[in-house]
Amino acid sequence: MMKFASIDFETANYSRVSICAAGIAIFMDGELSESPHWLVRPPKGYGWFREDFTEIHGLTRFDVQDAPEFSAIAPEFLERLARADVVIAHNAQFDLGALQATLNHFGLRCPEFEYLCTYRLAERIWPDLPNHRLNTLAAHIGHEFQHHNAQADAEAAGKVLLAMMKYTGAETLAELLQKARMARRRFCT
């Protein structure tokens, strides 16, 4: 029985601490079991919204002005990560960088977990695609979604991982990683 958590964050600006939306999709044995998401108010000093970021994800300071800060949702969010066998993110460097910076900002303990990046994995599994952005991969597997919505992006990354397993004939995540010659990485070690 494999359980993985797929995460996605949207930010208000270039600061990794400016998370304004968080999504997590939990997959159990190849099926989406839950997909909670939150609007998040960036902490004081990090809450200005760049116009180009708003154009991407559609969120403004007015959308999050009454939302909780990340520290308020962190227990629920991090507990889901701790229960997963592995955490995935599409472009994990961005999402895990935002998580690390935000945890540090609030002085929250960094949870240890194994993770992998579906972007890097897709580069190895489908090298001939024109690019490996999430919307390209979703189109490739026939999954329609609202790109740059934290909940939808987290779900799409999970669907992409499952499609890569099916495409390669991998029965387990370990088998997929072996075929791709990749390994899980550790967060907060």
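Below, each value reflects all heavy atoms present in this structure, side chains not excepted, and no hydrogens, waters or symmetry copies.
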Quick one: do R80 and E76 make a salt bridge, cutoff under 4.0 Å?
yes
Qualifying side chain to side chain donor-acceptor pair (under 3.5 Å) pairs, either residue in residues 36-48, two or more places apart
H37-Q151
Validation row: [X], [Y] side chains within 4.5 angstrom (heavy atoms):
X	Y	result
R16	T102	no
L96	Q100	no
L116	M182	no
D153	H147	yes
P111	L103	yes
L99	F70	yes

Any pair with a residue in residues 163-186 that passes ring-ring contact (aromatic ring centres under 6.0 Å, His included), sequence neighbours left out, goes on the list, sorted by first then second residue, please.
W126-Y167
Considering residues, nucleotides and ligands other than [X], do more than 12 of their heavy atoms fall under 6.0 Å from its [atom1]?
X	atom1	value
R133	CZ	no
R185	CZ	no
E79	CD	yes
R83	CZ	yes
Q178	CD	no

Interatomic spacing from [atom1] in [X] to [atom2] in [Y] - rounded to 0.5 Å:
X	Y	atom1	atom2	value
L81	E112	CG	CD	13.0 Å
Q146	E155	CD	CD	11.0 Å
L121	M164	CG	CE	4.0 Å
R120	H90	CZ	NE2	9.0 Å
L161	M2	CG	CE	6.0 Å
H132	Y119	NE2	OH	7.0 Å

Show every donor-acceptor pair shorter than 3.5 Å between a side-chain atom in residues 170-177 and any protein atom, with sequence neighbours excluded, or say none if there are none.
from: T172; atom 1: OG1; to: E175; atom 2: N; distance (Å): 3.0
from: E175; atom 1: OE1; to: E171; atom 2: N; distance (Å): 3.3

Take Y14 and F53, measure what ring-ring contact (aromatic ring centres under 6.0 Å, His included) needs, and give me the verdict at the end.
CA-CA 9 Å; Y14 285 114; F53 281 54; 4.9 Å; yes
Same cluster for I24 and L59 if Ile/Leu/Val/Met/Phe/Trp/Tyr side chains link at under 4.5 Å?
no
Answer with yes or no whether the hydrophobic clustering places F9 together with V64; edges join I, L, V, M, F, W, Y residues whose side-chain heavy atoms lie under 4.5 Å apart.
no
With no hydrogens and no angle check, is any side-chain donor or acceptor of [X] less than 3.5 Å from a backbone partner on [Y]?
X	Y	answer
S6	A154	yes
K159	H143	no
D95	A92	no

Please step through side-chain contact (heavy atoms from CB on, under 4.5 Å) for the pair F94 and T11, ending with a clear verdict.
CA-CA 10 Å; F94 171 81; T11 57; 3.6 Å; yes
